[in-house]
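Below is one structure, written out as structure tokens, with a few remarks after it.
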Protein chains: 2
Amino acid sequence: MTGSGLPPQDFEALRMAILERKAELPKRLTQVAAYALDHPDEIAFGTAASIASSAQVQPSTLVRFAQHFGFDGFSGLQQLFRLRLRERNSSYEDRLRSLEEGGPALSESAGILNKFISAAHSSVDSLANAVDPENFDRAVSILARAETIYLIAKRRSYPISNYMAYAFGKLKVRCQLVGTAAGIDDDLLAFASEKDAAFAVSFSPYASESAAQARALAGRNVPLVSLTDSAFSPLAECSTVWFELVEADHAGFRSLSGSMAFAMALTVSVAEKRRRG
Amino acid sequence: MTGSGLPPQDFEALRMAILERKAELPKRLTQVAAYALDHPDEIAFGTAASIASSAQVQPSTLVRFAQHFGFDGFSGLQQLFRLRLRERNSSYEDRLRSLEEGGPALSESAGILNKFISAAHSSVDSLANAVDPENFDRAVSILARAETIYLIAKRRSYPISNYMAYAFGKLKVRCQLVGTAAGIDDDLLAFASEKDAAFAVSFSPYASESAAQARALAGRNVPLVSLTDSAFSPLAECSTVWFELVEADHAGFRSLSGSMAFAMALTVSVAEKRRRG
DNA sequence: CCACGTTCGGAACGTATATTCTATCTTGAC
DNA sequence: GTCAAGATAGAATATACGTTCCGAACGTGG
């Protein structure tokens, strides 16, 4: 008797089983377990031999590993990894493609909508990849300890800071929206001190006022967190912490989908951190 | 000599090549071509034998098919199908899972960020599913023929109309943002006539002014397009065309990612339609 | 109707595969 | 230190795989 009852029926179940028994597994099997969870794609596509060499293990070890989890052999386990990839993809992209293929038949408007949906989708994806959790954490800390948070954004970025101001208001976090009425911005920012902090958003082509205001604040040692779309942005050089987010666009118009998600995450995180002390 | 120059390097190129040459392909190869594009997953995971029997073809035909597109054999072609699945999944969901697994180890902020990314993702997805292309087309037509577009939104929806106003400005479409300064909103709206149109956004809990303004406009036969989150919204009943979009939220705070994508698609579509006449 | 080139089906081939088996090694208890 | 139980490495094996090959079928132009 090698296995342990019935094998898991789907990938999730297998994952749980592996995590559960990971501690009590022999050395080489632990090695396989770690490799399997870290490189599921390799397991799905590779051959027993190639996987074994990648994981620095003998092919037979893979078979034993599979049998420990109730499979007949390695192949049975592999099928679960393949199933996972199959099911994952069924929804979103295929829909886009099918719409795209209907191309000429569809109205132009529907085409534009799909482009924006697609752009929003990839913006959110790139947000997921671009933001380093540690940096995010630092940004949250900086803003959370500020007395007043100054929100700097012009033109296309303004809706972001506007929404943040709304949310901060709901969350009882004091903030000052900069860029709303003409002229008094710099007067407002003159109040900012080291005890405060600022959050600036600017995408190419960068609004010169935003950059100037950011620099001014940085010069007076006001901690500055910023969101921009390039390392060469004027915001990047004067920020305490900055994030690079490239919003996918359609015909030059970005949907701000990624930025909005980021902004809300930041806003809520700050409020949460402040609430917990 | 069997192949035709160099084989495609990625799945998309292969797809194009197949579609391009589909007409001039022999009978059985056409059969394979159709099967390949319809069941890409089968090709990625199956064996030559299993695929052949599914497609009602001989295994050798698969090899010939691959060779027609410049591959050495069937395996080379299969790798492209596998690569596609690999790359599709590499970014988003795995990252979420890995962060989710780090759970307790991760900071709370990172967790919140991921929740918002996830919410944004599903908002955009539901946008793709919820918006009927024909309705969208009607909405675009209504707004495109308006002399002035009135944008009605309060509170959390305001950033959406704000961004639309910015984009409409860039696109040289006349619009009037309603809800910016206190008091004069109704005076502004008094100018609206049947030749104009309005776009209203309101999510639960609905701002009473937005609903009232929308009703007033509808009563004066001003065409009204609206974006809201329920069929029971006060906006739904008085709109010429309306869209239901449920934004996924985290802790009650929506990221507006889906709404933003929708708004920009609408804005650009209107401008485009107007430009073309 | 015939010759020719192309396409197809199916068997044959060599290879690579997953699995099994066994000798060796490790582990831990007494 | 010894022994037993389990785990591992690596060779052995039987299987299944992708590919190749060749004769038959098909369609075409003369």
Side-chain angles (χ1 to χ4, degrees), chain A residues 1-4 7-8 14 17-18 21-36 39-83, chain B residues 1-5 7 14 17-18 21-36 39-83:
Chain A
M1 175 61 184
T2 55
S4 63
L14 172 62
I18 291 177
R21 300 177 50 186
K22 196 175 179 183
E24 66 191 55
L25 246 38
K27 189 173 151 202
R28 283 289 126 88
L29 297 194
T30 312
Q31 204 171 321
V32 173
Y35 185 85
H39 310 280
D41 289 5
E42 287 301 319
I43 305 244
F45 292 114
T47 68
S50 73
I51 296 165
S53 96
S54 282
Q56 309 215 51
V57 155
Q58 292 292 329
S60 52
T61 308
L62 294 181
V63 176
R64 266 182 296 122
F65 177 80
Q67 287 171 343
H68 267 256
F69 286 93
F71 297 95
D72 278 356
F74 172 70
S75 301
L77 176 139
Q78 191 179 37
Q79 288 205 358
L80 253 55
F81 280 78
R82 296 185 166 185
L83 206 87
Chain B
M1 177 60 186
T2 55
S4 63
L14 173 62
I18 291 177
R21 299 176 51 185
K22 198 174 179 183
E24 66 191 57
L25 245 39
K27 191 175 151 200
R28 283 290 126 90
L29 296 195
T30 313
Q31 206 171 319
V32 174
Y35 184 86
H39 310 279
D41 290 4
E42 288 300 320
I43 305 243
F45 292 116
T47 68
S50 74
I51 295 164
S53 96
S54 282
Q56 309 216 51
V57 155
Q58 291 291 332
S60 52
T61 307
L62 294 180
V63 176
R64 263 181 289 126
F65 177 81
Q67 287 171 342
H68 267 255
F69 287 93
F71 297 95
D72 277 355
F74 171 70
S75 302
L77 177 138
Q78 190 179 38
Q79 288 204 357
L80 252 55
F81 280 79
R82 295 187 166 182
L83 206 86

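Throughout, a chain's letter reflects where its sequence line sits, starting with A, and its residues are numbered from 1.
Atom NE2 in His68(A) sits about 11 Å away from atom P in dG6(D), given to the nearest Å. One interatomic measurement links the two molecules: CG of Asp72(A) to C1' of dT15(D), which rounds to 15 Å at whole-angstrom precision. Distance, Gln78(B) CD to dA16(C) P: 16 Å, rounded to whole Å. dT24(C) atom C1' lies 15 Å from atom NZ of Lys27(A), rounded to whole Å. We find that CG of Leu77(B) is positioned 13 Å from C1' of dG18(D), with the value rounded to whole Å. Between the CD atom of Gln31(A) and the C1' atom of dT8(D) there is a distance of 11 Å, given to the nearest Å.
Of all non-hydrogen atoms in Gln31(B) and Gln56(B), the two that sit nearest each other are NE2-O, 3.0 Å. The minimum heavy-atom distance between Ala52(A) and Gln58(A), with the atom names listed, is CB-C, 3.8 Å.
Rounding to the nearest 0.5 Å places CZ of Phe65(B) at 4.0 Å from CD1 of Ile18(B). Atoms CZ and CG, from Phe81(B) and Leu77(B) in turn, are 5.0 Å apart once rounded to the nearest 0.5 Å.
If you check dT20(C), dA18(C), dG18(D) against the side chain of Ala48(B), the one that comes closest is dG18(D). Residue Pro26(A) places its side chain closer to dA7(D) than to any other of dA7(D), dA18(C), dT20(C). Listed nucleotides dG18(D), dT8(D), dT17(C) differ in distance to Ser75(B); the shortest reach to its side chain belongs to dG18(D). Closest to the side chain of Gln67(B), from the set dT19(C), dT8(D), dT20(D), is dT20(D).
The side-chain contact (heavy atoms from CB on, under 4.5 Å) test with Leu62(A) singles out one residue from Ile43(A), Leu29(A), Val32(A), and that residue is Val32(A).
In the region residues 51-66 of chain A, proximity to DNA chain C at under 4.0 angstrom, judged on heavy atoms, holds for Pro59(A), Ser60(A), Val63(A).
Within 6.0 Å of CD in Glu42(B) there are more than 12 heavy atoms belonging to other residues, nucleotides or ligands.
Both Leu29(B) and Phe74(A) lie near DNA chain C, and the one whose nearest nucleotide falls closer to the 5' end is Leu29(B).
Remark: the backbone N or O of Thr47(B) is not paired with any side-chain donor or acceptor of Gln78(B) at under 3.5 angstrom.
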